[in-house]
Number of protein chains: 2
Amino acid sequence: MNATATTPSLPAIPDTLTRSVEDYLKAIYRLSPEGQPASTSDIAHLLELSAPSVSGMVKRLSELGLLEHVPYKGVQLTDAGRRAALRMVRRHRLIEAYLVQFLGYGWDTVHAEAERLEHAVSDPLVERMAAALGHPVADPHGDPIPDADGAIHEPACTPLAGMSVGDTAEIRRVDERDAERLRYLASLGLVPGVAVTLRDRQPFGGPVTVEASGERHVIGPELAQVVLVRSEGDR
Amino acid sequence: MNATATTPSLPAIPDTLTRSVEDYLKAIYRLSPEGQPASTSDIAHLLELSAPSVSGMVKRLSELGLLEHVPYKGVQLTDAGRRAALRMVRRHRLIEAYLVQFLGYGWDTVHAEAERLEHAVSDPLVERMAAALGHPVADPHGDPIPDADGAIHEPACTPLAGMSVGDTAEIRRVDERDAERLRYLASLGLVPGVAVTLRDRQPFGGPVTVEASGERHVIGPELAQVVLVRSEGDR
DNA sequence: ACCTTGATTTAGGCTAGCCTAATAATTTCA
DNA sequence: TGAAATTATTAGGCTAGCCTAAATCAAGGT
Ligand SMILES: [Mn+2]
Ligand SMILES: [Mn+2]
Ligand SMILES: [Mn+2]
Ligand SMILES: [Mn+2]
């Protein structure tokens with residue numbers, strides 16, 4: 001006998017999200033750090049799923065209030081969605097840091113392990129790991145770790161590919177997803193914290209030559225794109 | 001053009017099992033340590049599922065070759081099933097030991113955490129934890145840890161409830177599943193490694209009085225049933 | 001031998017997530 | 001502006017896992 005006309009029974013956000021949902025939210029966050037809409041096909045590509053699967057999930061998640069979806073335009077996280085996404089980002093990066101620090105993992109293998117563990121750890125365990133690490137601000141790849149309230153500081157970084165010849169900068173962040181690429185970069189000594197100087201750039205998308213720790217290396221343009229640096233000037 | 005008459009295409013055991021399947025195998029192992037058949041309703045009760053759900057899963061798992069099922073009689077693990085179950089038991093107990101040793105967990109809270117993590121860790125991570133712990137032989141509840149090949153030594157234990165008045169024995173093992181019960185036992189000092197002497201037993205399923213670390217405690221019969229001891233004689 | 005009871009299985013249904021094939025909307029470009 | 005190409009959605013189907021209700025089997029007692 002409730003006479004108030006309500007909107008047609010919106011489902012509430014469940015207290016525990018599934019592994020799939022958590023990965024979707026994390027992917028959408030990654031695709032739109034500034035909040036611009038993410039496209040169905042970009043999400044599908046990142047998660048290695050078909051576009052119709054993503055369309056279906058996007059519909060469900062927007063009905064749950066985790067996303068705003070404008071058909072044919074893209075999706076944006078709501079506040080609740082962004083909170084949930086940042087919670088996963090914090091878990092992922094803290095787990096990576098913990099495994100490297102305390103269990104001898106290398107930066108090339110931690111990502112795959114964290115991709116599964118992030119869904120299985122409890123909040124108290126995450127916080128115990130954070131405490132054991134001394135509350136680090138970045139993971140082994142240089143990616144910043146949001147605090148427990150979801151606040152995150154993305155340091156200003158530009159691709160190494162964008163440096164000018166003669167410039168010196170510090171490596172800050174490296175894309176974590178390709179283990180082989182990470183091993184190669186480590187073998188060259190191109191890891192976060194290292195100072196690099198651009199010594200040469202070949203035209204027409206050619207390779208660049210960088211100097212780091214006294215050694216010179218010629219690296220291809222797409223590699224130079226995923227290594228992010230902070231230039232001397234950007235303080 | 002294959003003319004050989006084959007049995008109707010038995011599905012092979014998948015290389016990765018689902019969380020549900022892993023928990024079923026672990027439950028069946030626990031219900032039949034000696035290999036006697038486990039009943040549908042016991043499995044359902046242990047996993048808190050309906051009996052029809054268990055019937056359905058049992059059918060699938062026996063088609064996969066992980067179980068032998070005699071309808072209306074019960075199930076037994078095959079060699080492959082027991083191997084998979086012991087792998088999960090090893091993971092569960094090593095994770096518990098690791099969390100207690102290195103992350104400040106208590107014996108009352110580790111079980112719930114391990115119940116989820118056991119499905120998410122990789123084999124290499126399990127082995128790294130084992131190495132960090134120095135390859136322990138028992139978890140925080142006194143449960144023995146199978147080795148990486150699945151060999152397990154179940155120490156001879158009897159319920160504290162079975163002791164005779166005047167006997168002295170060492171606490172070896174305590175059922176891990178009820179966090180509140182574990183906290184209570186710890187508050188009485190009744191933990192693995194402690195020597196206890198039975199001082200009194202009331203008839204008709206009444207409580208028993210035990211002496212441990214110089215203190216006497218009166219405990220109910222069902223509690224005395226889940227605390228396992230090794231008597232002096234059982235060496 | 002039959003009947004009752006409890007355990008078990010079968011029947012039928014639901015959700016979450018994935019897929020492919022077909023359709024529809026949008027954008028691009030001649 | 002009007003195809004063509006791209007992107008997205010809808011339609012329909014599948015598996016894994018769970019559920020309740022109904023049917024069936026196994027035992028034990030009379
Ligand atoms: Mn993940
Ligand atoms: Mn990382
Ligand atoms: Mn489990
Ligand atoms: Mn245990």
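Because the structure is predicted, anything quoted here is derived from the model rather than measured. To find a chain, count down the sequence lines: A is the first, B the second, and so on, and within it residues start at 1.
Mapping B/A51 and A/Y24 onto DNA chain C by nearest heavy atom places B/A51 closer to the 5' end of the strand. Between A/L17 and A/P71, the residue anchored closer to the 5' end of DNA chain C is A/L17, taking for each the nucleotide with the nearest heavy atom.
Among the atoms of the strands shown, only primed sugar atoms or phosphate atoms (P, OP1, OP2) are found under 4.0 Å from some heavy atom of A/S41. Looking at heavy-atom distances under 4.0 Å, A/S50 makes contact with a base. As judged by a 4.0 angstrom heavy-atom cut-off over every strand, A/H69 is placed among residues touching the sugar-phosphate backbone only.
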Show the atom names and distances, to 0.1 Å, of all donor-acceptor pairs under 3.5 Å that link a side chain in residues 14-21 of chain B to residues at least two apart or in another chain.
unit_1: B/T18; atom_1: OG1; unit_2: B/V21; atom_2: N; d: 3.1

Which donor-acceptor pairs under 3.5 Å do side chains of residues 29-37 of chain B form with protein atoms, sequence neighbours excluded?
unit_1: B/S32; atom_1: OG; unit_2: B/I28; atom_2: O; d: 2.9

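Here A/S55 does not reach the OP1 or OP2 of D/dT10: none of its side-chain N or O atoms lies under 4.0 Å away. OP1 or OP2 of D/dT9 has not a single side-chain nitrogen or oxygen of A/K73 nearer than 4.0 Å.
No side-chain N or O of A/D139 forms a donor-acceptor pair with one of A/H92 less than 3.5 Å apart.
Listed by chain and number, the residues in a side chain to side chain donor-acceptor pair (under 3.5 Å) with A/R90 are A/E127 (sequence neighbours excluded).
Sorted by first and then second residue, the salt bridge (charged side-chain N to carboxylate O under 4.0 Å, His left out) pairs involving residues 44-57 of chain A (not counting sequence neighbours) form an empty list. The stretch residues 69-88 of chain B participates, sequence neighbours left out, in these salt bridge (charged side-chain N to carboxylate O under 4.0 Å, His left out) pairs: B/D79-B/R82, B/R87-B/D123.
Boundaries of the chain B contact region on DNA chain C are C/dT8 to C/dT10, first to last in 5' to 3' order (nucleotide atom under 4.0 Å from a heavy atom).
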